[in-house]
Amino acid sequence: MIKTGKEPIPVLTYIAIMSVCFIINLPGVAVAPIEGKLRETLHTSELEIQLLTTLPNFVIIPFVLIAGKLSDYKHKLVLVTIALIIFFGSGILYLVARDMNGLIVACCLLGVADGILIPFAMGFVVNSFNGKYRTRNLGVKSAVSNFGTVVAGFVIGFLIQKNNWHLPFAVYLVSVVPLIFCYWLKYIPGFGDIPISASPAQLNQAKISPGNKSGLIGKRIWALIGNNVYITFVTFVIVIYLPQLLIQNNMNPKLGADVMAVFFIAVLSSGFVLENILKGFKSLVFPLIGFLVTVGLALFVFIPKTWAMYCGAVLSGWAFGIAQPLIYDKTSYAIIDPKKNIFGLALVLCALYIAISAEPFIITGISKLFKIKSINTFAFQLSFWMGVAYTILSFILRKKFAFSIEKNYYS
């Protein structure tokens with residue numbers, strides 16, 4: 001049995017939770033490495049390639065919210081199982097598709113399945129664990145999700161060497177693992193016969209806000225949404241704009257894939273040391289996040305060398321990896337009704353995908369408005385100054401809810 005801070009859960013249930021977490025960051029990872037083969041084989045246009053890359057994120061957003069709303073009702077385990085079947089089915093469709101239409105349909109189905117699974121994966125951890133166990137396992141959950149991306153990157157790199165352009169999409173078939181283990185998800189509170197118990201924080205909030213019918217503290221939810229949008233926008237400039245920046249500066253495009261791999265490995269590693277960071281920096285954790293991302297982006301902006309890009313990716317990846325589990329853990333302190341756990345998480349999770357999807361449009365819009373020629377350079381410069389602002393703001397507001405670190409996080 002696994003200790004949770006409340007009722008323990010079976011080991012197989014924990015494996016089931018982490019197997020779902022392992023696959024939720026996979027959509028989109030197989031497209032970028034095989035862009036050249038797709039253009040050559042299917043004679044695809046740039047717009048079609050962009051559709052394959054961005055469609056999952058656009059489809060994910062509404063289905064994250066739909067899943068959050070459906071979590072209020074019974075049969076949640078059935079919904080998760082259906083989503084896993086769709087995920088696995090989309091992987092098969094990718095393998096048999098013969099044209100762009102087939103790939104786009106598979107892409108949309110993958111977005112639907114992932115949109116449903118993302119808030120539930122977070123909900124599995126929040127409903128199962130409490131106190132320091134929840135904080136620790138949200139860090140592990142973040143690490144496992146990003147580890148899935150890193151492993152998929154290596155597998156895709158190996159499969160690309162084969163002559164069949166379909167093979168890299170086989171990484172999506174790993175969803176068969178959580179599908180096999182999904183039976184044991186019924187032992188998670190709220191997913192089977194075990195009721196969800198309110199955490200001490202939720203009981204305290206219920207006493208403070210007895211007339212709140214929504215089950216959520218709106219101001220806190222909006223503060224966390226803002227925090228999540230901001231830190232995602234600032235850090236994901238590396239993922240979105242680095243490949244184009246390298247081409248612009250006549251550098252090896254392969255460097256972009258290597259730097260992004262280092263970024264996600266840094267995100268992965270931070271999840272395993274989250275408790276130590278909380279104990280070491282306490283109320284200064286969010287200013288630390290801002291400092292790390294600012295220094296990381298400064299290396300990209302002011303020292304455009306290969307070594308600086310690797311170091312910048314590590315620092316920015318650590319910042320993002322520390323921020324994510326903390327933001328989602330703090331979401332539980334903005335929820336009064338335990339039945340609204342997944343819905344509240346879905347709202348904050350949506351912010352991440354909105355930030356990633358909207359960033360290219362915002363950067364392009366500002367560039368056109370001020371007639372900036374080098375969009376890629378501007379994207380990194382803007383994110384650097386936003387990192388500076390985040391560091392200052394998080395230090396000034398370190399006692400406010402969105403940036404505070406309570407003693408129970410590190411005691």
Side-chain angles (χ1 to χ4, degrees), residues 9-10 12-27 55-93 105-129 137-138 141 144-145 148 172-197 214-216 221 328 331-332 335 337-354:
I9 59 173
L12 288 175
T13 298
Y14 191 72
I15 293 172
I17 292 170
M18 291 304 161
S19 65
V20 174
C21 296
F22 184 85
I23 68 170
I24 57 174
N25 283 358
L26 294 185
L55 258 181
N57 283 333
F58 282 110
V59 176
I60 281 170
I61 293 169
F63 279 92
V64 165
L65 294 173
I66 290 169
K69 192 63 180 174
L70 290 175
S71 68
D72 286 351
Y73 305 101
K74 295 181 179 180
H75 311 300
K76 292 188 280 290
L77 185 55
V78 174
L79 182 61
V80 170
T81 305
I82 291 171
L84 287 169
I85 292 170
I86 295 172
F87 199 115
F88 183 73
S90 68
I92 293 175
L93 185 55
V105 170
C107 178
C108 290
L109 287 174
L110 191 63
V112 169
D114 206 45
I116 295 170
L117 292 173
I118 285 168
F120 277 106
M122 194 71 70
F124 294 156
V125 178
V126 170
N127 286 352
S128 299
F129 298 91
N137 280 281
L138 280 170
K141 180 263 169 200
V144 168
S145 298
Y172 299 134
L173 298 182
V174 73
S175 55
V176 72
V177 177
L179 192 55
I180 291 170
F181 283 97
C182 67
Y183 170 81
W184 283 275
L185 294 174
K186 71 177 185 176
Y187 296 107
I188 297 172
F191 285 81
D193 297 327
I194 306 170
I196 311 172
S197 58
S214 69
L216 305 174
I221 291 290
Y328 298 128
T331 302
S332 62
I335 300 168
D337 183 355
K339 293 180 181 177
K340 298 286 184 178
N341 280 344
I342 295 176
F343 180 61
L345 286 165
L347 293 174
V348 179
L349 277 161
C350 236
L352 183 145
Y353 294 94
I354 289 172

Can you tell if the side chain of [X] reaches within under 4.5 Å of the side chain of [Y], non-hydrogen atoms only?
{"X": "Phe63", "Y": "Ile118", "answer": "no"}
{"X": "Ile82", "Y": "Ile116", "answer": "no"}
{"X": "Val20", "Y": "Phe124", "answer": "yes"}
{"X": "Lys141", "Y": "Ile24", "answer": "yes"}

Distance, nearest 0.5 Å, that separates [atom1] of [X] from [atom2] of [Y]:
{"X": "Ser175", "Y": "Leu117", "atom1": "OG", "atom2": "CG", "answer": "9.0 Å"}
{"X": "Tyr328", "Y": "Leu138", "atom1": "OH", "atom2": "CG", "answer": "10.0 Å"}
{"X": "Phe120", "Y": "Asn127", "atom1": "CZ", "atom2": "CG", "answer": "10.0 Å"}

Do you know which two heavy atoms are closest between [X] and [Y], and how far apart they sit?
{"X": "Leu185", "Y": "Leu77", "value": "CB-CD1, 3.6 Å"}
{"X": "Ile335", "Y": "Thr331", "value": "CG1-O, 3.3 Å"}
{"X": "Ile17", "Y": "Val125", "value": "CG2-CG2, 4.1 Å"}
{"X": "Ala346", "Y": "Leu65", "value": "O-CD2, 4.3 Å"}
{"X": "Leu173", "Y": "Gly91", "value": "CD2-C, 3.7 Å"}
{"X": "Pro119", "Y": "Ala67", "value": "CG-CB, 3.8 Å"}

side-chain contact (heavy atoms from CB on, under 4.5 Å) evaluation trace for Leu12 with Ile15: CA-CA 5 Å; Leu12 288 175; Ile15 293 172; 4.2 Å; yes
Pairing residues for Tyr14 by the side-chain hydrogen bond (donor to acceptor under 3.5 Å, both in side chains) criterion, not counting sequence neighbours: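 Tyr14: side-chain hydrogen bond (donor to acceptor under 3.5 Å, both in side chains) contacts with Asn137.
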Ring geometry between Tyr187 and Tyr183 (parallel below 30°, tilted from 30 to 60°, perpendicular above 60°):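 Perpendicular, since the angle between the ring planes exceeds 60°.
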Phe87/Ile23 under side-chain contact (heavy atoms from CB on, under 4.5 Å): CA gap, chis, key distance, verdict: CA-CA 9 Å; Phe87 199 115; Ile23 68 170; 4.1 Å; yes
